[in-house]
Amino acid sequence: QVQLVESGGGLVQAGGSLRLSCAASGRTISTYAMAWFRQAPGKEREFVAATSWTGDSTYYADSVKGRFTISRDNAKNTVYLEMNSLKPEDTAGYYCAARTFINYSLKQNEYRYWGQGTQVTVSS
């Protein structure tokens, strides 16, 4: 069993930056692909970014490409999402997820473990 805890969310002005962290416990996530999803009020949860087990392969939603960076530190059992040039439309709850395979997926139902989320609010 894996527990995921996100942190780093908050209120930021448009154009600003935030770094989200996702700390895992219970077992190592070093052989798991990891991803970030987000859900804005009144909208469905959507894919944001994903990384393979080594971090060598990553994938981003078009809406965040060039602004967000996903990374991982397997020694710390932690995954990060660096968010730059934030826009009001990035406002959402951000969720970390773990897939019990080495390669990532864009599909939410292929991720077994989820965190409780951290709120990001971008003011204009």
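Just so you know, these numbers come straight off a predicted model, no measurement behind them. Positions are given from 1 along the sequence.
Between atom CG of residue Asn84 and atom CG of residue Leu18 there is a gap of 9.5 Å, rounded to the nearest 0.5 Å. Between atom CD of residue Glu82 and atom CZ of residue Arg67 there is a gap of 12.5 Å, rounded to the nearest 0.5 Å. We find the CG-CZ distance between Leu20 and Arg38 to be 11.0 Å, quoted to the nearest 0.5 Å. To the nearest 0.5 Å, the span separating CG on Asn103 from OG on Ser57 amounts to 7.0 Å. A distance of 8.5 Å separates OG1 of Thr31 from CG of Asn74, quoted to the nearest 0.5 Å. Atom CG in Asn77 sits 7.0 Å away from atom OG in Ser30 (nearest 0.5 Å).
Of all heavy-atom pairs between Ala49 and Leu81, the closest is CB-CD1, 4.2 Å. Pairing each heavy atom of Ala14 with each of Ser124, the nearest pair is CB-CA, 4.3 Å. Summarising the geometry of Ala92 relative to Ala40, their closest heavy-atom pair is CB-N, 3.8 Å, with the distance given to 0.1 Å. The shortest heavy-atom contact between Ala33 and Tyr111 is O-CE2, 4.2 Å. Nearest heavy-atom pair across Tyr104 and Thr51 is CD2-C, 3.8 Å.
Ring geometry for Phe47 against Tyr59 counts as tilted: the plane angle lies between 30° and 60°, on a 0 to 90° scale. Aromatic ring orientation, Phe37 versus Trp114: tilted (interplanar angle from 30° to 60°).
Using a 4.0 Å cut-off between charged nitrogen and carboxylate oxygen, Asp90 and Lys87 do not count as a salt-bridge pair.
Put simply, Tyr32 and Phe101 are part of two different groups of oily side chains (I, L, V, M, F, W, Y) that touch within less than 4.5 Å, one to the next. Hydrophobic clustering (ILVMFWY, side-chain heavy atoms < 4.5 Å, transitive): Val79 and Met83 are in one cluster. Val120 and Tyr60 fall within the same hydrophobic cluster, where Ile, Leu, Val, Met, Phe, Trp and Tyr residues are linked whenever their side-chain heavy atoms come under 4.5 Å apart, directly or through other members.
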Walk me through it: do Thr58 and Phe68 pass the test side-chain contact (heavy atoms from CB on, under 4.5 Å)?
CA-CA 11 Å; Thr58 58; Phe68 290 12; over 6 Å; no
Checking Tyr95 against Leu4 for the side-chain contact (heavy atoms from CB on, under 4.5 Å) test, could you report, in this order, the C-alpha distance in whole Å, the side-chain angles of both residues, the deciding distance, and whether it holds?
CA-CA 9 Å; Tyr95 299 86; Leu4 303 174; over 6 Å; no
Please step through side-chain contact (heavy atoms from CB on, under 4.5 Å) for the pair Gln39 and Glu46, ending with a clear verdict.
CA-CA 6 Å; Gln39 186 169 21; Glu46 64 177 5; over 6 Å; no
Hey, mind stepping through Val2 and Ile29 against side-chain contact (heavy atoms from CB on, under 4.5 Å) and telling me if it holds?
CA-CA 8 Å; Val2 174; Ile29 58 169; 4.1 Å; yes
Candidate pair Thr118 and Glu6, rule side-chain hydrogen bond (donor to acceptor under 3.5 Å, both in side chains), full reasoning:
CA-CA 6 Å; Thr118 186; Glu6 301 94 336; over 6 Å; no
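Between Trp36 and Ile70 there is a side-chain heavy-atom pair separated by less than 4.5 Å. Inter-residue side-chain proximity for Thr78 and Arg72 is flagged as unmet; no heavy-atom pair is nearer than 4.5 Å. Residues Tyr113 and Arg27 are not in side-chain contact: their nearest non-hydrogen atoms beyond the backbone lie 4.5 Å or more apart.
Annotation: cation-pi pair Arg99/Trp53 absent, no NZ/CZ under 6.0 Å from the ring centroid and within 45° of its normal. The side-chain tip of Arg19 points at the ring of Tyr80 from less than 6.0 angstrom away and within 45° of straight on.
More than 12 heavy atoms of other shown residues, nucleotides or ligands fall within 6.0 angstrom of atom NZ in Lys65.
Side-chain contact of Gln108 with Arg45: a donor-acceptor pair under 3.5 Å is present, judged by distance alone.
Results of the side-chain contact (heavy atoms from CB on, under 4.5 Å) test with Thr91 over Val122, Leu11, Val12 single out Val122 as the only residue that passes.
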